[in-house]
> 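Handing you a structure now.
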Amino acid sequence: MACGWIVGYGNPSKCDYFSLHTSEAYHDGMGFVQFYFGLPIAMVVICVTFIPMYHKLKVYTAYEYLEQRFDLKTRSLAAILFLVQRGLGTGLTIYAPAIILSALLGWNLTLLNIAIGVLVIIYTFSGGTKAVNVTQKQQMFVIMTGMFITFFLILHLLPNDMTFSNAMHIAGANHKMDIVDFSIDPETRYTFWSGITGGFFLALSYFGTDQSQVGRYLSGKSIKESQMGLIMNGFLKVPMQFFILLIGVMVFVFFQFNPVPLNFNPNNKTIVEHSIYKKEYDVLEQKLSKLSEDKKEINLLYIDHLNQNYDNPILRKELVALSSKENDLRDEAREVILKADSKSETNDKDYVFIHFILHYLPKGLIGLLLAVILSAAMSSTASGISALASTTAIDIYKRNLKETKSEKHFVSATKFFTILWGLIAILFACIGTLFENLIQLVNIVGSIVYGTVLGIFLVGFYIKFVKAKAIFWGAVISQLLIFYIYYLGKVSFLWLNFIGAMLTIVLSIAIQMMVKNKSEITE
């Protein structure tokens with residue numbers, strides 16, 4: 001089973017997400033794990049419905065089914081929505097390793113995005129699907145090894161009298177262990193309810209209709225083999241994601257006892273040091289250094305009380321207050337960085353884990369982890385580009401081409417689309433720094449488009465009386481409404497999957513009924 005089946009979700013990401021998800025947990029805690037609560041249920045539905053249907057029809061892409069069930073317009077619409085989301089997701093798999101190399105070597109992030117992207121294009125163009133499949137087989141073992149080594153190293157680097165239980169108390173005092181939120185506020189991003197519903201629909205869309213995933217079990221030796229792979233994914237995904245986020249929380253605890261930079265992006269430090277704002281930044285660093293010492297002292301005192309079975313509420317409040325002051329200093333630092341260079345990327349979330357690796361892990365292990373992340377990232381990007389190229393060639397180009405062409409022609413066309421989508425992925429990677437968190441951006445885009453695509457498939461599978469015209473216009477109207485709902489910003493993005501799927505189903509049924517009634521009146 002490829003690593004991407006377990007780690008990637010809502011995008012084609014794999015092991016390179018290890019560093020980005022740990023950084024997410026460092027800032028926002030364990031709540032992100034709720035995003036995956038609906039996944040096991042989705043896997044059961046896919047195994048019972050989607051996989052047998054695809055194998056029975058013997059289709060090469062998921063969207064071929066839509067033409068058989070509806071028409072060419074519906075197939076093309078679903079394929080285009082997939083291409084938009086997957087193109088962005090593939091850009092992330094370039095951006096993630098570029099961040100690492102940028103932090104390590106001090107090179108320009110945009111140039112690294114281009115260099116990595118070009119290398120992957122060459123690798124995918126020359127090796128094709130076979131190269132993608134071969135390189136993915138070893139990733140699962142590598143990432144699991146890296147995760148466990150990192151976790152136990154962090155435990156080893158914590159103060160000697162500190163237990164894992166103490167670490168969890170410190171994380172809890174800073175609200176990093178708020179795992180389940182039963183809030184019914186639709187604007188709250190991650191809750192139990194949004195995970196079990198919105199997460200279910202996103203997982204159902206991704207693993208059930210996304211060609212990068214469907215292509216995996218369409219090429220399986222049997223229905224049973226494909227079903228077993230997905231069921232294993234469903235059972236392993238939540239605990240694995242929990243463990244990855246836990247590592248991020250442990251990094252947060254580690255930095256309660258060790259110095260942290262004002263901004264984790266090392267390029268920003270360089271920018272300020274070569275500007276007239278160096279002294280202003282130095283003053284902030286001195287304040288942060290003093291604050292770090294105070295924080296360490298309070299945390300050690302808090303641990304002493306914990307070892308005496310007393311969870312001191314006064315010290316807990318003081319820990320939260322110190323963290324708040326630290327955040328204020330970071331905000332001031334961002335302002336100074338922007339004064340030094342208005343084009344600087346002050347968002348440093350994605351650099352947290354990289355900073356930890358480079359400054360606190362043994363040199364040999366640094367090389368191993370960097371090699372893991374980079375090699376996995378290249379394989380992820382190649383897999384995404386391959387899926388994009390094949391979908392474009394088969395579902396868009398070949399199916400809409402009126403002239404008869406040879407198979408050699410379509411092989412050449414697929415190679416051309418490989419290059420094209422590689423360039424588009426590079427473009428998405430280069431604009432990634434404009435967003436606060438690219439992982440969330442990809443999941444947001446996925447939530448915006450996946451619900452409509454899923455709705456089309458659900459109507460195709462279960463609502464047999466709905467015909468091509470009704471589903472096409474129902475999907476178009478649904479997608480426009482989802483854009484508007486997201487623009488209003490009143491609903492967490494996870495709910496958009498559910499809303500999009502339901503809108504598509506309801507609208508297509510309504511349109512079909514109107515068409516039927518109109519035809520009956522005409523008759």
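Below, each value reflects all heavy atoms present in this structure, side chains not excepted, and no hydrogens, waters or symmetry copies. None of the values given here were measured: they were computed from a predicted structure.
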> Any donor and acceptor pair, going by atom type alone, linking the side chain of R69 with main-chain N or O of G460 inside 3.5 Å?
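Present.
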
> Out of curiosity, T391 OG1 to E64 CD, how far, rounded to the nearest 0.5 Å?
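Spacing of OG1 (T391) from CD (E64) equals 10.0 Å.
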
> Between Q479 and I448, is there a donor-acceptor pair closer than 3.5 Å when you use the side chain of the first and the backbone of the second?
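Flag set: sc Q479 to bb I448 pair under 3.5 Å.
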
> Looking only at atom types and distance, does a side-chain atom of T504 sit under 3.5 Å from a main-chain N or O of G474, one as donor and one as acceptor?
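Judged by distance alone, no pair lies under 3.5 Å.
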
> Please report, to 0.1 Å, the donor-acceptor pairs under 3.5 Å made by any side chain of residues 39-49, with sequence neighbours excluded.
{"from": "T49", "atom 1": "OG1", "to": "Y462", "atom 2": "OH", "distance (Å)": "2.6"}

> Quick one: does any side-chain atom of Y65 pair with a main-chain N or O of F457 as donor and acceptor, under 3.5 Å?
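No, because the side chain of Y65 does not come within donor-acceptor range (under 3.5 Å) of the backbone of F457.
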
> Write down the atom of T414, the atom of A393, and the distance for their closest heavy-atom approach.
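The answer is OG1-CB, 3.4 Å.
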
> Side-chain donor-acceptor pair under 3.5 Å between T90 and W421, yes or no?
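Absent: no donor and acceptor within the cut-off.
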
> Taking the six-membered ring for Trp, are Y397 and H409 ring centroids under 6.0 Å apart?
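Ring-ring flag for Y397/H409: true, centres closer than 6.0 Å.
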
> With under 30° as parallel and over 60° as perpendicular, where do the rings of F255 and H355 fit, or are they tilted in between?
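F255 and H355: tilted rings.
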
> Any salt bridge between K339 and E335, counting N to O under 4.0 Å?
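Salt bridge between K339 and E335, a charged N being under 4.0 Å from a carboxylate O: no.
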
> What orientation do F243 and F151 show, parallel under 30°, tilted 30 to 60°, or perpendicular over 60°?
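Geometry flag for F151 against F243: tilted rings.
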
> Closest approach of P261 and R330, non-hydrogen atoms and distance?
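Answer, listing the atom of P261 first, then R330: O-NH1, 2.6 Å.
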
> Atom CG of N268 and atom CD1 of I337: how far apart are they, to the nearest 0.5 Å?
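One gets 4.0 Å once the value is rounded to the nearest 0.5 Å.
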
> Is the centre of the F50 ring less than 6.0 Å from the centre of the F461 ring?
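That pair passes the under 6.0 Å test.
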
> For the residue pair A98 and L112, what are the closest heavy atoms and their distance?
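Closest pair (atom of A98, atom of L112, distance): O-CD1, 3.6 Å.
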
> Any chance the rings of F82 and Y450 have centres within less than 6.0 Å?
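No, the ring of F82 stays outside the 6.0 Å limit from the ring of Y450, centre to centre.
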
> Please walk me through it: do F254 and F356 pass ring-ring contact (aromatic ring centres under 6.0 Å, His included)?
CA-CA 9 Å; F254 173 83; F356 170 76; 5.1 Å; yes

> Determine whether F472 and I456 satisfy the following criterion, side chain to side chain contact (heavy atoms under 4.5 Å, CB included), listing intermediate values before the conclusion.
CA-CA 8 Å; F472 178 80; I456 295 173; over 6 Å; no

> Considering only heavy atoms from C-beta outward, does the side chain of V120 approach that of I426 to under 4.5 Å?
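Side-chain contact under 4.5 Å: no.
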
> Who pairs with D71 by side chain to side chain donor-acceptor pair (under 3.5 Å), at least two apart in sequence or on another chain?
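For D71 the side chain to side chain donor-acceptor pair (under 3.5 Å) partners, ignoring immediate neighbours, are K73, T74.
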
> So, the side chain of N113 versus the backbone of L427: is there a donor-acceptor pair under 3.5 Å, distance only?
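Flag not set: sc N113 to bb L427 has no pair under 3.5 Å.
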
> I'd like to know whether F353 forms a side chain to side chain contact (heavy atoms under 4.5 Å, CB included) with T150, so could you lay out the CA-CA distance, the side-chain angles of the two residues, the decisive distance to 0.1 Å, and finally the verdict.
CA-CA 11 Å; F353 190 65; T150 304; 3.8 Å; yes

> Does F37, at its CZ atom, have more than 12 non-hydrogen atoms belonging to other residues, nucleotides or ligands within less than 6.0 Å?
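Enclosed: over 12 neighbouring heavy atoms sit under 6.0 Å from CZ of F37.
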
> Of all the heavy-atom pairs spanning A340 and S275, show the shortest one and how long it is.
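Heavy atoms of A340 and S275 come nearest at CB-OG, 3.6 Å.
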
